Amino acid sequence: MNELDARRGLLGDPRRLSPELQAEVDATPRLAAFRDELLRTDDEMSRLLTRVEVPSGLADRIVLRARYRDRSRWGLALAATVVAVAIAVPAYWGTRGTAFEREMLEHVVASADELRDDGGVEPAVLRASVATLGVEVRDAGYRIRHLANCIVAGREGRHFTVDGPNGVVSFVVLPGVSGGSAELLTLGGLRGVFMKRSGATIGVFAQGATDRAELEKVMLQVIA
């Protein structure tokens, strides 16, 4: 592992290090200082963004990367969700998959560390982060496992995961709208469907045990 790889690993998660990365940090004062700086920034972001009122413009100026503990709850009624899907799906899901959407799916397949992450994130932090892309998320009682900035198709967006009814569900929110997808896109056992909202494309992804109807329900439980 070279220093660049080590820095990338620290940016991904400065708190939980692999044995190889920990050895590099212990042996390299520059990496140790870099990790300390990341931890201080992470702690300060967590303190500010979980206040009752998030300071105006704060989420636009910083990279959100926080870990919190909570319990898993899925609180929306099934009847309400079915009605929401019936109303919303025709407006949000288009006619065919695009290269843009396939890149989102490939990003989630490649993000094994993000799928394993289970640090927990406060709803206020997620709301502030995704709001910078013009997208609103509901506080519906779901547990948020992971949140990070991501780069997909040259666009900076947000990748977050939640506890779903059949396992981990990933969301990718990217600025820009490109086509639409009516069919379920699949890759490596992962399935995904997409929504267009406020000039952004939102993808929801889960392993094969979760079917399209369940993905659409989860999408509308989380995205306002």
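In this chain, residues are counted from 1 in sequence order. Every heavy atom of this structure was used, including side-chain atoms; hydrogens, water molecules and symmetry mates were not. Because the structure is predicted, anything quoted here is derived from the model rather than measured.
Ring geometry for Phe171 versus Phe160: interplanar angle under 30°, hence parallel rather than tilted (30 to 60°).
If you take CD on Gln207 and CG on Leu115, they are separated by 7.0 Å, rounding to the nearest 0.5 Å. Atoms NE2 and CG, on His159 and Leu147 in that order, are 10.0 Å from each other to the nearest 0.5 Å. Rounding to the nearest 0.5 angstrom, the gap separating the OG atom in Ser170 from the NE2 atom in His107 is 8.5 Å. We find the CG-CG distance between Leu215 and Leu220 to be 11.0 Å, quoted to the nearest 0.5 Å. Here CE of Met219 is found 8.0 Å from CZ of Phe205. Values are rounded to the nearest 0.5 Å. To the nearest 0.5 Å, atom CZ of residue Arg116 and atom OG of residue Ser111 are 10.5 Å apart.
Pairing each heavy atom of Asp5 with each of Asn2, the nearest pair is N-OD1, 2.7 Å. Considering all non-hydrogen atoms of both residues, Leu21 and Gly9 come closest at CD2-C, 3.9 Å. The two residues Gly164 and Val169 have their closest heavy-atom pair at CA-CG2, 3.9 Å. Across Gly157 and Pro175, no two heavy atoms sit closer than the pair CA-CD, 4.3 Å. Across every non-hydrogen atom of Ile202 and Met104, the tightest pair is C-CE, 4.2 Å. Nearest heavy atoms, Gly192 versus Leu105: N-CD1, 4.4 Å.
Taking a cutoff of 4.0 Å between a charged side-chain nitrogen and a carboxylate oxygen, Arg15 and Asp117 do not qualify as a salt bridge. A salt bridge links Arg7 to Glu3: one of the charged nitrogens lies within less than 4.0 Å of a carboxylate oxygen. For Lys196 and Glu101, the salt-bridge test passes: some basic side-chain N is under 4.0 Å from an acidic carboxylate O.
With hydrogens and angles ignored, the 3.5 Å screen pairs no side-chain donor or acceptor of Thr186 with any backbone N or O of Arg191. The main-chain N or O of Val130 is never found under 3.5 Å from a side-chain atom of Arg158 such that the two would form a donor-acceptor pair. Ser129 places no side-chain N or O within 3.5 Å of a backbone atom of Leu126 that could act as its donor or acceptor partner.
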Please step through side-chain contact (heavy atoms from CB on, under 4.5 Å) for the pair Ile223 and Val137, ending with a clear verdict.
CA-CA 4 Å; Ile223 302 299; Val137 296; 4.0 Å; yes

Check the pair Leu187 / Leu185 against side-chain contact (heavy atoms from CB on, under 4.5 Å), numbers first and verdict last.
CA-CA 7 Å; Leu187 178 66; Leu185 297 187; over 6 Å; no

Begin from the C-alpha positions of Asp118 and Arg16 and carry the test salt bridge (Lys or Arg N to Asp or Glu O under 4.0 Å) through to its verdict.
CA-CA 11 Å; Asp118 192 16; Arg16 296 183 297 176; over 6 Å; no

Quick one: do Leu17 and Leu10 satisfy side-chain contact (heavy atoms from CB on, under 4.5 Å)? Show the steps, please.
CA-CA 8 Å; Leu17 310 185; Leu10 289 171; 3.7 Å; yes

